[in-house]
There are 2 protein chains.
Amino acid sequence: MDQLWGAIAAVCESWNTRRAIDYRKLHDIPDTMGTAVNIVAMVFGNMGEDSGTGVAFTRDPSTGERALYGEYLLNAQGEDVVSGIRTPEPITSLRDRIPEAFVELEQVARTLERHFRDMQDLEFTIQRGRLFMLQTRRAQRSGHSAVRCAVEMVDEGLISEEEAIARVPPNDLNQLLHPTIDPKAALDLLTTGLPASPGAASGAAVFDADHAEARGRKGEPVILVRRETSPEDFHGMVAARAILTARGGMTSHAAVVARGMGKPCVAGAHELEVDERAPAFAVNGRRIQEGEWITVDGSTGRVFAGKTRLVPPELSGHYSRLMAWADGMRHLRVRVNADTPADAHRGRDFGAEGIGLCRTEHMFFEGDRISAMREMILASDGEGRKKALAKLLPMQRTDFEGIFRAMEGYPVTIRLLDPPLHEFLPKEPEEIAALARETGRTVDDVTRAIASLSEVNPMLGLRGCRLGIMYPEITMMQARAIFEAACTVANRKGRVQPEVMIPLVAHVVEFRKQALLVRQVAEEVFRERQLTVPYLLGTMIELPRAALTADEIAREAQFFSFGTNDLTQTTWGLSRDDAGVFLPAYLERNIIDDDPFIQLDLDGVGKLISMAVGLGRRERQDLKVGICGEHGGEPRAVAFCEAQKMNYVSCSPFRVPIARLAAAQAALAERGTMNRTRATV
Amino acid sequence: MDQLWGAIAAVCESWNTRRAIDYRKLHDIPDTMGTAVNIVAMVFGNMGEDSGTGVAFTRDPSTGERALYGEYLLNAQGEDVVSGIRTPEPITSLRDRIPEAFVELEQVARTLERHFRDMQDLEFTIQRGRLFMLQTRRAQRSGHSAVRCAVEMVDEGLISEEEAIARVPPNDLNQLLHPTIDPKAALDLLTTGLPASPGAASGAAVFDADHAEARGRKGEPVILVRRETSPEDFHGMVAARAILTARGGMTSHAAVVARGMGKPCVAGAHELEVDERAPAFAVNGRRIQEGEWITVDGSTGRVFAGKTRLVPPELSGHYSRLMAWADGMRHLRVRVNADTPADAHRGRDFGAEGIGLCRTEHMFFEGDRISAMREMILASDGEGRKKALAKLLPMQRTDFEGIFRAMEGYPVTIRLLDPPLHEFLPKEPEEIAALARETGRTVDDVTRAIASLSEVNPMLGLRGCRLGIMYPEITMMQARAIFEAACTVANRKGRVQPEVMIPLVAHVVEFRKQALLVRQVAEEVFRERQLTVPYLLGTMIELPRAALTADEIAREAQFFSFGTNDLTQTTWGLSRDDAGVFLPAYLERNIIDDDPFIQLDLDGVGKLISMAVGLGRRERQDLKVGICGEHGGEPRAVAFCEAQKMNYVSCSPFRVPIARLAAAQAALAERGTMNRTRATV
């Protein structure tokens, strides 16, 4: 019998590894698994109440529980189980029906797991009470199962901690971190868009941010449906359970903000015809009115009609143990992109070791801040701007204090104001009229001011450090808010590590001029507060020119943070807001293998990053280098950052665990490569 | 006396060349020029009818004519001539007043010219009939004068042809090629913008392209004034003498088109408040109504009220001789950017050796072509597009035939359709209504179609080869037009060298797919015509990613043409249409030394180009490389292209002579460097 198992195992191994096998182990059984299975099946035939066939997993593929999981049919052939003609019975009942076979199956399962050191997916047949194995292979499993199996197999002494880490696909952690659609739920698919932010949610479709906020305040679950979102929809996104857009790609406003909030989002569902006036959307001949329930699955991009059963997230003890091992193995620090104290706390909960990107502009959209911001933008001179900025100063300072405290002494990279100013101005006539009233201007004046700020290509216009150069008072207000907050926290014995980041630098002199302003303000504040807080001053490398002249910039900047979203946009000449029209066709026709906004483009953007890291470190050996684009939580990009010997990656809160695991895997792979390299020397 | 001249000459030389001088030549005169002049002036004093003081050029600084040119005052001190208190007399009258001094001055002038081997600017004083020289230095001169002097000095044996070439600043040729404002005219300055396209013109201000065309047709000189221009203004620009815009930079639509047409243009005159409804513009407290005359000086960026006297261009024999020498010395070929047979002829007249950039889209704006183009864009499927494209085919073919013929066998690089399709669609309600009528659609349908094509960042959207990939029938129609035209010309015994250029490639597979289509069509046409025309298939390198992956692309593309406008936009993350708001401040505050759209940015964009040339030539040794952006006619960029060993530069027709001269200078400088390199080895 043992010999037979040996033969089967050998055949299985040959099938699994596609290597030549030792014929002597096989006795009379032919040498390919397929043939072997057929012969076993033919030889032993079947039929009768003590005969049957089935499939089984050595552990539960959805939970990872250590127990046989599967189903079988008595008096049937292998095909019958798979074909679905008869309903098979759960494997546990086999214990009562053919106890000897069941016990043997359990033994075989353990033997095969020990042999292959991994969870197996088995096919078997029972002939007149005797068990025969037809096939074994590595089992597919859910994220939950992958984590539990990996951890328990370490406990069982089957695999090492390193193997456990290497075995869990980082993106599978998404299933642990977000609600998912119950696999058994009946679904009514409407359309499929881009899986822009993972997780699933059901709620009433709402087509306007204000409606979303109003309904959300009443505790009603809503899903915000928009053609595309803009910063003005922010409050509606906060109130919604999920976001659905007809336009935009994986890094559109909706996608980025949703990922930051950890909310499900399906973006660029281009079949959707959103009629915001109705309000309703039409898709594939159906029409969904405001208030009708829909379900959005941001992990797959699917949109369903109606309410659907969800499985809640569960961060079990296995997860924590796995992550602890990962943290012990990785070199890369993992930070979070967080704009508010709440995000910062969430980031810490997910294990972030600092903030890699705090986008100060997101602070300007809430409540009465937007009014002060608009007043600043409409001011005709530096004095008027300073008056409005004075109103924003205490708000920013309070935010920074909260963020510094949440980060408990970990570094916090704060990016100075980045987006073009017209993003803060209203578009609708009523809002424009309201703004005119508030600021004591005529509607014509306000309309003209808005028009004068409009740009042909806002992505390539007056934004980033260009704003700070044209309006130095903005940079000075922001620097003051940062350093005053830092002093306040430091005074209360809190540790604080601010890193001030100057965005969109193309030329070293831009950096120099802005850095000078920031340093002046820092010295002023430190003098006023009789306290000095150490800080770093660096830049975001997000334009090809910054990467090409990284040596010059590194002479003046203490850190680089690669903004891979914008760097991808400029390197490819590809607007992420407009690419949705043709990028799907590019993927379909195999012009590109991956969406460069999801998978970091190593051949192009990666080459530029690699060049910049080299040039930068040549000038400044201790240059701190990180990545803070959307790619920061993407496993392949994390591996690239490890290879570049970066200091950290930074990503949205819910991707932090993924990045931690990916960083550990990258470190292991790197070590493997180094070992191999050493061995060949 | 001779000794004194020697001393003066030595002092002058020391001043001119800032070298240490031989004190023994100086006798008692101190060793700095300034002191020397003062001492000479003091020692000799003045006063009396046989005494005076004056300034003179050894040749006419505005025409180059070989004769003393200058003025003097009798009974006066040196300062009096410069101060303008008394009106000096022309130097020629000195011949009658103090004949001996005049003759001696002529001799001295010749002596000094021979000594310094260049035209001199002299100061002199006459004391009781005796001439004393106070100062000599290299004379500033106009473009006309520079060319004539250089050529005549070669004839006089003073300098070599190489020195003549090295001495004329290439941009000074602009003065020979365009009308200029009479230096003696009284001027009423309104404002100053960017000198976007050289030359001067006067005409009635007109604020609408249709008005410009209507008035222009009547022979009235008009100047088109717009906030900014778009392709829809094209017919108005054709009709106008000059163009003036309030927005946009040196490579805005207005600037590029104007330079292409050789029309004066002042762009980005941001003080201008254009009220297109009035129609009028306000500037610095003044108001100019439609129909009032203004003068635009595109060489300096100045805008004047009223009509002004102009000096017409004059391409004298001196110019042709100088250019012939230049052509004999340069390595770089010089091509022209030309979109029509007329441009192509003009390019040939200016000495272009081929077309480096033929923008096919400019062909689509004229007359009924735009209707067919719009029909194509609004078509809902490939069949509809093909039908509309069939109407465009014969028009394109005819254009290409004309261009091939005009180029007499020189290579013609034709770029496939590049701009986003919404550029071809109307914006005004009346035009939209008209388009709806023409195409049998509802206004709502057309409006919706236009909205669906609008983009957030059109520069980074659906354009270039992305169009050809989404709508392969466009590429096929254009390829057919090119090869049918080529066959027709070749059949009539004309030589023809088409080079088909695929624009905006970011990824090699984009090129591969488009190249395949073009080759298929070429083979089809050659089979139909029973004739094969050799052609090249290459790409425009205008995105950083194309430069970074130039090795991959060169494996498939036979030539690279650097589109430095777009490459600058993406490398800097800077929209040329929007940069006008802050770039002037950047220049003023010395953040950058030059507008990167005017002077090629060698540290950033240049580095990328250099990398791409290296990568490309490594894969394909005979890769043809050129530059076709606006920088192609800029002397410093031409020198860079020479250093990169490119095959050619290409620029707008009026810049072709400048590029020819700059290329000769670059070749001389390169030879000089090589000689020096050899000498030090």
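Values reported hereafter were calculated over all heavy atoms of this structure, with side chains retained and with hydrogens, waters and symmetry mates removed.
- In terms of heavy-atom pairs under 4.5 Å with chain B, the best-connected choice from Ala585(A), Ala506(A), Pro458(A) is Pro458(A).
- Residues Glu552(A) and Asp603(B) have side chains in contact (heavy-atom distance under 4.5 Å, counting atoms from C-beta outward).
- Options Val509(B), Leu462(B), Ile591(B) differ in how many heavy-atom pairs under 4.5 Å they form with chain A, and the most are formed by Ile591(B).
- By number of non-hydrogen pairs under 4.5 angstrom with chain A, the leading residue of Leu504(B), Thr570(B), Val605(B) is Thr570(B).
- Note that CG of Asn457(B) and OG of Ser575(A) are 4.0 Å apart. Values are rounded to the nearest 0.5 Å.
- Distance check: Thr549(A) OG1 to Lys607(B) NZ gives 7.0 Å after rounding to the nearest 0.5 Å.
- Distance check: Ser452(B) OG to His270(A) NE2 gives 12.5 Å after rounding to the nearest 0.5 Å.
- For the atom pair CD (Glu455(A)) and CG (Asp578(B)), the distance works out to 4.5 Å, reported to the nearest 0.5 Å.
- Contact tally against chain A (heavy-atom pairs below 4.5 Å) for Arg466(B), Arg589(B), Arg512(B), Met470(B): the top residue is Arg466(B).
- Contact of Ala579(A) with chain B is not made at all, since no heavy-atom distance falls under 4.5 Å.
- Neither the backbone nor the side chain of Glu542(A) comes within contact range of chain B, judged by heavy atoms closer than 4.5 Å.
- With Arg545(A) as the partner, the side-chain hydrogen bond (donor to acceptor under 3.5 Å, both in side chains) test is satisfied by one option alone out of Thr568(B), Asp601(B), Thr571(B): Asp601(B).
- Asn590(A) touches chain B through its backbone: at least one of N, CA, C or O sits under 4.5 Å from a heavy atom, while the side chain does not.
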Inset, instruction - Just do the side-chain contact (heavy atoms from CB on, under 4.5 Å) check on Ile592(B) and Glu510(A) with the steps written out, would you? - result: CA-CA 9 Å; Ile592(B) 49 176; Glu510(A) 295 176 309; over 6 Å; no
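- Rounding to the nearest 0.5 angstrom, the gap separating the OH atom in Tyr586(A) from the NE2 atom in His507(B) is 10.0 Å.
- The closest side-chain heavy-atom distance from Met459(B) to Val456(A) is not below 4.5 Å.
- Here CG of Leu460(B) is found 4.5 Å from CG of Leu460(A). Values are rounded to the nearest 0.5 Å.
- Counting only heavy atoms from C-beta outward, the side chains of Glu273(B) and Arg448(A) never approach each other to under 4.5 Å.
- No more than 12 heavy atoms of other residues, nucleotides or ligands lie within 6.0 Å of CG in Asp593(B), so this atom counts as exposed by the packing criterion.
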